[in-house]
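These numbers were taken from a predicted model, which means no experiment stands behind them. Throughout, a chain's letter reflects where its sequence line sits, starting with A, and its residues are numbered from 1.
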There are 2 protein chains.
Amino acid sequence: MEEGTSNSPSDICSTDRDYDVLQWDAREECEVRQILDRIADKWSLLVIALLEKRTLRFTELKRNIDGISQRMLTTTLRHLERDGIIERTVYPVVPPKVDYALTPLGCTLHETIRSLVLWTEQNQADIIAARQRYDMRAADGM
Amino acid sequence: MEEGTSNSPSDICSTDRDYDVLQWDAREECEVRQILDRIADKWSLLVIALLEKRTLRFTELKRNIDGISQRMLTTTLRHLERDGIIERTVYPVVPPKVDYALTPLGCTLHETIRSLVLWTEQNQADIIAARQRYDMRAADGM
DNA sequence: CGGCATCCAGGACGATACTG
DNA sequence: CAGTATCGTCCTGGATGCCG
């Protein structure tokens with residue numbers, strides 16, 4: 001891929017495979033991008049992390065995720081259900097009772113999620129320190 | 001805002017800690033939420049996954065992440081730099097040369113990211129199948 | 001209780017133009 | 001090459017109200 005011909009955006013498709021790095025195509029074949037977006041979503045992560053412990057009801061989830069609106073919770077749950085990550089069970093009683101649990105597929109995911117959350121918890125001090133250093137340097141330059 | 005104060009038989013509001021699940025407070029003390037948002041971000045994941053292989057220049061990143069605008073790439077890189085995940089090196093040459101690499105902190109993160117990406121790749125068939133089943137059932141109900 | 005429909009504000013994001 | 005600046009759009013996501 002000679003880069004002198006920088007004016008041909010369309011032949012991305014042909015092959016840039018001389019890089020040993022992975023490519024992140026946005027094309028349809030690459031559903032990975034789309035799925036990643038879904039599961040690495042702001043709220044999805046929290047829901048999955050919560051359900052890892054046990055089955056929860058709608059309001060329990062809502063109570064345990066501070067700041068989520070019922071709208072976003074509903075949407076998130078629907079998406080996760082559609083993707084086969086969680087299972088929704090409706091009990092035909094009054095008042096209605098619905099609970100959510102991880103599917104087997106969801107369980108395989110939760111371990112990954114968990115390590116992500118753990119990493120964040122264990123390194124938040126470093127990150128906060130890095131931010132302060134960055135902001136300091138930025139202030140210096142100004 | 002306690003909502004069920006009128007009829008809360010078990011006074012869950014006073015202390016939610018009788019749940020063995022984790023709490024996701026949005027309060028300041030809980031930076032975890034904010035950090036998770038940052039690293040589990042749509043573009044951040046891709047950038048980190050790419051840099052896991054080797055140091056890359058701005059345009060190399062842009063070329064390998066299909067669909068990202070230079071604006072979002074810049075923003076993403078700045079955030080990751082600020083958080084101490086990646087390091088930005090400027091070479092005082094003309095034309096300018098800047099490259100990006102994972103910091104040691106970033107390297108500890110990349111393993112987690114990698115497992116997330118791997119999970120997605122390995123289970124995308126299942127997910128797509130789950131979606132079709134879901135959509136089928138939904139169509140049925142209508 | 002567990003939703004869904006509607007409305008609306010704000011921020012994310014893309015496109016474009018300009019700089020060192 | 002590697003950005004910054006500005007603008008306009010769109011979509012996320014919060015608030016509210018109704019239903020089974």
Side-chain angles (χ1 to χ4, degrees), chain A residues 1-7 9 26 33-34 37-38 40-47 55-82 86-101 138 141-142, chain B residues 1-10 12-13 26 33-34 37-38 40-47 55-82 86-101 138 141-142:
Chain A
M1 185 81 356
E2 20 324 91
E3 32 190 15
T5 66
S6 50
N7 298 336
R33 284 262 306 258
Q34 207 266 321
D37 273 17
R38 169 86 57 239
D41 166 71
K42 171 176 184 166
W43 300 117
S44 300
L45 281 178
L46 305 184
V47 168
T55 294
L56 289 171
R57 301 182 55 177
F58 187 86
T59 34
E60 289 176 320
L61 283 166
K62 180 150 168 39
R63 191 169 29 228
N64 283 277
I65 302 179
D66 192 23
I68 196 172
S69 63
Q70 90 290 48
R71 193 172 107 84
M72 287 317 296
L73 182 53
T74 301
T75 306
T76 303
L77 290 170
R78 284 296 171 282
H79 283 155
L80 292 176
E81 185 195 0
R82 176 165 185 263
I86 66 173
E87 188 179 19
R88 178 170 179 268
T89 310
V90 182
Y91 299 91
V93 296
V94 282
K97 175 178 173 178
V98 179
D99 59 28
Y100 297 90
M142 297 171 66
Chain B
M1 51 170 87
E2 16 275 279
E3 26 195 22
T5 43
S6 52
N7 49 0
S8 49
S10 51
I12 305 165
C13 302
R33 284 263 303 260
Q34 206 267 319
D37 273 17
R38 171 85 56 239
D41 166 72
K42 170 175 184 166
W43 301 118
S44 300
L45 280 179
L46 305 184
V47 168
T55 295
L56 289 171
R57 301 181 56 175
F58 186 86
T59 33
E60 288 178 320
L61 282 166
K62 182 152 167 38
R63 191 171 26 229
N64 283 277
I65 303 178
D66 192 24
I68 195 172
S69 64
Q70 91 287 48
R71 195 172 105 82
M72 286 317 296
L73 182 53
T74 302
T75 306
T76 303
L77 290 170
R78 285 294 173 283
H79 282 155
L80 292 176
E81 186 194 0
R82 177 165 183 264
I86 66 174
E87 187 179 19
R88 177 171 179 267
T89 309
V90 183
Y91 299 91
V93 296
V94 284
K97 175 177 174 180
V98 179
D99 59 29
Y100 295 89
M142 296 169 64

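- Within residues 73-81 of chain A, no residue places a heavy atom under 4.0 Å from DNA chain D.
- Overall, the helix from C/dC1-D/dG20 to C/dG20-D/dC1 carries an axis bend of 50° between its ends, with five pairs at each end and the value rounded to 10°.
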Exercise for the section: In sequence, state the C-alpha distance, the side-chain angles, and the governing distance for A/Trp43 and A/Leu73, and then conclude on side-chain contact (heavy atoms from CB on, under 4.5 Å). Expected result: CA-CA 8 Å; A/Trp43 300 117; A/Leu73 182 53; over 6 Å; no
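- One finds the CD1 atom of A/Ile68 at 14.0 Å from the CZ atom of A/Arg63 (value rounded to the nearest 0.5 Å).
- Distance, A/Leu46 CG to D/dG13 P: 12 Å, rounded to whole Å.
- In this structure B/Arg57 satisfies the side-chain hydrogen bond (donor to acceptor under 3.5 Å, both in side chains) test with no other residue, sequence neighbours excluded.
- Listed by first and then second residue, the side chain to side chain donor-acceptor pair (under 3.5 Å) pairs that reach into residues 88-101 of chain A are A/Arg88-A/Tyr100, A/Tyr91-A/Asp99, sequence neighbours excluded.
- Summarising the geometry, the separation between CG on A/Asp66 and C1' on D/dG13 is reported as 16 Å, rounded to the nearest angstrom.
- Listed pair B/Tyr100 / D/dG3 meets the phosphate criterion, a side-chain N or O lying under 4.0 Å from OP1 or OP2.
- Remark: B/Arg38 pairs with B/His79 by the side-chain hydrogen bond (donor to acceptor under 3.5 Å, both in side chains) rule, at least two apart or across chains.
- Between B/Ala101 and B/Thr55, the shortest heavy-atom distance links the atoms CB-OG1, 3.4 Å.
- The nearest whole Å value for the distance from the CG atom in A/Leu56 to the C1' atom in C/dC1 is 15 Å.
- Within the 4.5 Å cutoff, no side-chain heavy atoms of B/Val90 are placed close to those of B/Pro96.
- With rounding to whole Å, A/Ile68 atom CD1 is found 9 Å from D/dG13 atom P.
- With a 6.0 Å radius and a threshold of 12 heavy atoms from other residues, nucleotides or ligands, B/Glu87 has its CD atom at or below the threshold.
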Problem - Reading 5' to 3' through nucleotides 8-13 of chain C, protein heavy-atom contacts under 4.0 Å coded B for base, S for sugar-phosphate only, - for none - result: -----B
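- In this structure, NZ in A/Lys62 is found 9.5 Å from OG1 in A/Thr74, a value given to the nearest 0.5 Å.
- Taking OG1 of A/Thr59 as the start and CD of A/Gln70 as the end, the distance is 12.5 Å to the nearest 0.5 Å.
- The side-chain hydrogen bond (donor to acceptor under 3.5 Å, both in side chains) search around B/Gln34 returns A/Arg131, not counting sequence neighbours.
- For the segment residues 89-99 of chain A, residues with any heavy atom less than 4.0 angstrom from an atom of DNA chain C are, sorted by number, A/Pro95, A/Pro96, A/Val98.
- A distance of 10.5 Å separates OG1 in B/Thr76 from NZ in B/Lys42, rounded to the nearest 0.5 Å.
- With sequence neighbours left out, the side-chain hydrogen bond (donor to acceptor under 3.5 Å, both in side chains) criterion links B/Arg82 to A/Asp135.
- D/dT16 atom P lies 11 Å from atom CD of A/Gln70, rounded to whole Å.
- For D/dC1, the OP1/OP2 oxygens have no side-chain nitrogen or oxygen of B/Arg57 closer than 4.0 Å.
- Rounded to a whole Å, the CD1 atom of B/Ile65 is 16 Å from the C1' atom of C/dG14.
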